[in-house]
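Everything quoted here is computed from the prediction, not taken from an experiment.
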Amino acid sequence: MGATISIAITVNGEARQVAVGASLSDLLAQLGLDIRKVAVERNLEIVPRSRYAATAMAEGDQLEIVHFIGGG
């Protein structure tokens with residue numbers, strides 16, 4: 001008991017482990033990404049930014065994360 005259980009997901013083609021129950025917001029924080037500067041596709045569907053905190057990762061999820069770089 002007390003052990004953290006993780007699930008396998010794929011992020012931009014790379015296998016990763018995340019804690020069971022982790023949200024998309026949790027994953028982005030773990031990756032050091034600013035939620036205001038990314039777009040996320042989960043299992044071929046765009047996830048609205050307003051749903052990041054409510055979107056729990058599931059075993060086998062396929063995520064594509066695009067990071068926007070500001071320029072000028």
Trace of the side chain to side chain contact (heavy atoms under 4.5 Å, CB included) decision for Leu24 with Val40 | CA-CA 9 Å; Leu24 187 49; Val40 181; 3.7 Å; yes

Using residues 25-33 as the side-chain source, report each donor-acceptor pair under 3.5 Å to any protein atom, sequence neighbours left out, with the distance given to one decimal.
residue	atom	partner	partner atom	Å
Ser25	OG	Ala53	N	3.1
Asp26	OD2	Ser23	N	2.9
Asp26	OD2	Ser23	OG	3.2

When rounded to the nearest 0.5 angstrom, what is the spacing between CD in Gln62 and CG in Asn43?
-> 6.5 Å

Sequence neighbours excluded - salt bridge (charged side-chain N to carboxylate O under 4.0 Å, His left out) pairs with any residue from residues 42-67 | Arg42-Asp61

Could you tell me which non-hydrogen atom of Asp34 sits nearest to which non-hydrogen atom of Arg36, and how far apart they are?
-> OD2-NH2, 2.7 Å

Where is the tightest heavy-atom contact between Val47 and Tyr52, given as atom of each residue plus distance?
-> O-CE2, 3.3 Å

Between CD1 on residue Ile7 and CE on residue Met57, distance to nearest 0.5 Å = 7.5 Å

Indicate every side-chain donor-acceptor pair of residues 11-18 with a distance under 3.5 Å to a residue at least two apart or in another chain.
residue	atom	partner	partner atom	Å
Asn12	OD1	Ile65	N	2.6
Asn12	ND2	Ile65	O	3.1
Gln17	OE1	Ser6	OG	2.9

